[in-house]
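This report refers to the structure that appears directly beneath it.
Each ligand, and each atom within it, is numbered from 1 in the order the structure gives. For the single chain, residues carry numbers from 1 onward in sequence order.
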Amino acid sequence: MNKLTIIKPDDWHLHLRDSPYLAAVVGDTAKQFGRAIVMPNLKPPITNCEEAESYRQRILSDLPVGSQFQPLMTLYLTNNTRVEDIALASLSHNILGAKLYPAGATTNSDAGVTHIQKIYPVLEAMQKHQFPLLIHGEATDNKVDIFDREKHFIDSTMQQIRNDFPELRIIFEHITTREAVDFVLAQDDDVAATITPHHLLINRNAMFEGGIRPHHYCLPIAKREEHRVALLNAATGHSGRFFAGTDSAPHSQTAKESACGCAGIYSAFCAIELYAEAFELAGDFSHFEAFMSLNGPKFYRLPVNTLQITIEKSEWQVPQTLDYPGGLLIPFKAGETLQWSIV
Ligand code: DOR
Ligand code: ZN
């Protein structure tokens, strides 16, 4: 198969940052996707409807002229999130869920939740209003090995949230392990997961290939090959509860190539081509459209996009660098050849 037409995809997990970085990256996503769920981990974070709406307006005003791209907003949960903010957000067509960052788990998560019990009234309200909970699922105790933090979170917290709020709608974000795949498969239709292109394409060796490779460092960190294979099987399989979420997370070249480099991989420049690369590895495109364009809207109870896109097998080279305010941005797979392009 050399050519494939599918319904235009959406990105169900994206970091766009704020001005001036926003304008440098939003066009890459808008060019490829109909909609994207925008992460709220700005500094300070987006914690209520008013902030989400004004961030949405900033995104819209930085879009390329004529773009129909729709940003879908999320709230950042803190220990102090109010039940009233959830009730209000659940009435908005532009705010689709709230994100749980365990405090200290990742970039700009300091204001996150310190103990899950602190937000039990909020989770109760989210369950009642059927307002989705997006979870960064990693344990934050730094005594837990970094490669075990997702599994640890499933056993310590995810299972507990499921038991205590059985009807809460949950998206387990950017899963990276076989255990997370198995967890999602064992749940009912209230639980889904996003999978990034990089976790489908690299394992943890990619961070240390001939030296330290900061552009392959993200959180959750890439795991062993057996986990990448489990993710690829989930993405290309028929479950219907796994979908594309790039977790594209821009940091300048200097912020990445540093003694303490930031976590995040910039995949928005060629996200669809990267997912196609992964499905090509699996040798099975039969669920490509479902994963890219159908499963996400189904879970979020939105219509699918009306436009279509076509990809074809035709080699091209990812640029070494992209422009970014105050420096450069290094895209995932910089300088490498990809097999699929968007027509
Ligand atoms: O690698 C990551 N980068 N993981 C996250 O959870 C956050 C993101 C960011 O905002 O840079
Ligand atoms: Zn993210």
Legend entry - Donor-acceptor side-chain pairing of Q130 and R301 below 3.5 angstrom: yes

Legend entry - Distance-only polar pair, side chains of T176 and K223, donor-acceptor under 3.5 Å: yes

Inset, instruction - State whether a side-chain donor-acceptor pair under 3.5 Å links S92 with N94. - result: no

Inset, instruction - Examine L219 against ligand 1 and note whether any of their N/O atoms are separated by less than 3.5 Å. - result: yes

Inset, instruction - Show which atoms of ligand 1 fall inside a sub-4.0 Å distance from at least one heavy-atom site of A249. - result: 3 (N), 8 (C), 9 (C), 11 (O)

Inset, instruction - Answer with side chain, backbone, both or neither: which part of H251 has a heavy atom less than 4.0 angstrom from an atom of ligand 1? - result: side chain

Inset, instruction - Within a distance under 4.0 Å of any heavy atom of H136, pick out the atoms of ligand 1 and give their elements. - result: 6 (O)

Legend entry - Geometric cation-pi criterion, R169 with F299: 6.0 Å, 45°: yes

Inset, instruction - Using distance alone, determine whether R17 and ligand 1 share an N or O pair under 3.5 Å. - result: yes

Inset, instruction - Report the part of N41 in contact with ligand 1, treating N, CA, C, O as backbone and CB onward as side chain, heavy atoms under 4.0 Å; options are side chain, backbone, both, neither. - result: side chain

Legend entry - Of all N/O/S atoms in H13, the name of the one nearest the Zn ion (ligand 2): NE2

Legend entry - Passing candidate, side-chain hydrogen bond (donor to acceptor under 3.5 Å, both in side chains) with N41, options H15, K99, H136: H15

Legend entry - Lys/Arg cation over aromatic F165: K128, 6.0 Å, 45° cone: no

Inset, instruction - Report yes or no: does D247 have an N/O/S atom closer than 2.8 Å to the Zn ion (ligand 2)? - result: yes

Inset, instruction - Tell me, please, if H15 has any N/O/S atom, main chain or side chain, under 2.8 Å from the Zn ion (ligand 2)? - result: yes

Legend entry - Between H152 and E138: side-chain donor-acceptor atoms closer than 3.5 Å: no

Legend entry - Check: C218 N/O within less than 3.5 Å of ligand 1 N/O: no

Inset, instruction - Identify, for atom 3 (N) of ligand 1, the protein heavy atom at the shortest distance, and state residue, atom and that distance. - result: A263 O, 3.0 Å

Inset, instruction - Search all heavy atoms of H251 against all heavy atoms of G264 and return the closest pair with its distance. - result: CD2-CA, 4.0 Å

Legend entry - Heteroatom distance test (P220, ligand 1): nitrogen or oxygen, under 3.5 angstrom: no

Legend entry - Check: Y76/N108 side-chain N/O donor and acceptor closer than 3.5 Å: no

Inset, instruction - Starting from atom 6 (O) of ligand 1, locate the nearest protein heavy atom and write down its residue, its atom name and how far away it is, to 0.1 Å. - result: T106 OG1, 2.9 Å

